[in-house]
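Here is the structure we will look at, set down as structure tokens.
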Amino acid sequence: MTPQASRPSLDDVRSGTVTMADFRISAATLRRQAEVARAHANPQLAENLERGAELTALTDAELLAIYELLRPRRATAAELEATAADLESRGALRSAALVREAAEVYARRGLLRA
């Protein structure tokens, strides 16, 4: 990207200097979108956006690993709890709660890995 540009230009795209990081959304933007969703009576969307804001602190590899663990029969209860504890220790409280909720539902439905 050109040093003075705050966002990628067409020339940057053509020269191949644009990376995925140039298009990454910020936690602040997601939190603002959550505020708008709440103001328009859409609390579920707001909660999803808040979780997304928390997850911007993770690397792509970490995020994909969590995604994989949340697929049915891919994780044990202990693995999901360890993931939730890690998220919680990093300040991702909403995301940790979601992982714990998934673990509970998976346990009830027989969807945990043995």
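FYI, the numbering just counts along the sequence from 1.
- No option in R31, Q33, R32 other than R32 meets the side-chain hydrogen bond (donor to acceptor under 3.5 Å, both in side chains) test with E35.
- Counting only residues at least two apart or on different chains, the salt bridge (charged side-chain N to carboxylate O under 4.0 Å, His left out) pairs with a member in residues 105-114 are E79-R113.
- Put simply, OG on S95 and CG on L87 are 6.0 Å apart, with the number rounded to the nearest 0.5 Å.
- Evaluation of the side-chain hydrogen bond (donor to acceptor under 3.5 Å, both in side chains) rule for R90 yields E62, D86 as partners, not counting sequence neighbours.
- Scanning for side-chain hydrogen bond (donor to acceptor under 3.5 Å, both in side chains) contacts around S26 gives T29, with sequence neighbours left out.
- Heavy-atom minimum distance, A114 versus T76: O-CG2, 4.2 Å.
- For the pair V18 and V13, the tightest heavy-atom approach, listed with the atom from each and the gap, is CG2-N, 3.5 Å.
- For E47, the side-chain hydrogen bond (donor to acceptor under 3.5 Å, both in side chains) partners two or more places apart in sequence, or in a different chain, are R94.
- What you find for P8 and D22 is that their closest heavy atoms are CG-CB, 3.6 Å.
- Contact record, D12 with S15: O-OG, 3.0 Å, taken as the closest heavy-atom pair.
- Taking the side chain as every heavy atom from C-beta outward, L80 and L112 approach each other to under 4.5 Å.
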Could you go step by step and tell me if E68 and R71 meet the salt bridge (charged side-chain N to carboxylate O under 4.0 Å, His left out) rule? CA-CA 6 Å; E68 183 66 24; R71 296 179 68 200; 3.5 Å; yes
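- Remark: L49 CG to L30 CG distance equals 6.0 Å, nearest 0.5 Å.
- Nearest heavy-atom pair across A84 and R100 is CB-CG, 3.5 Å.
- Between the CG atom of L64 and the CG atom of L69 there is a distance of 11.0 Å, given to the nearest 0.5 Å.
- Atom CG of L93 is separated from atom CG of L98 by 13.0 Å, given to the nearest 0.5 angstrom.
- The salt bridge (charged side-chain N to carboxylate O under 4.0 Å, His left out) check on E101 picks up nothing, with sequence neighbours excluded.
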Under 3.5 Å, sequence neighbours excluded: what are the donor-acceptor pairs made by side chains of residues 38-46?
unit_1: H40; atom_1: ND1; unit_2: V36; atom_2: O; d: 2.9
unit_1: N42; atom_1: OD1; unit_2: L45; atom_2: N; d: 3.3

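- Checked by atom type and distance alone, the side chain of E50 never pairs as donor or acceptor with a backbone atom of A34 at under 3.5 Å.
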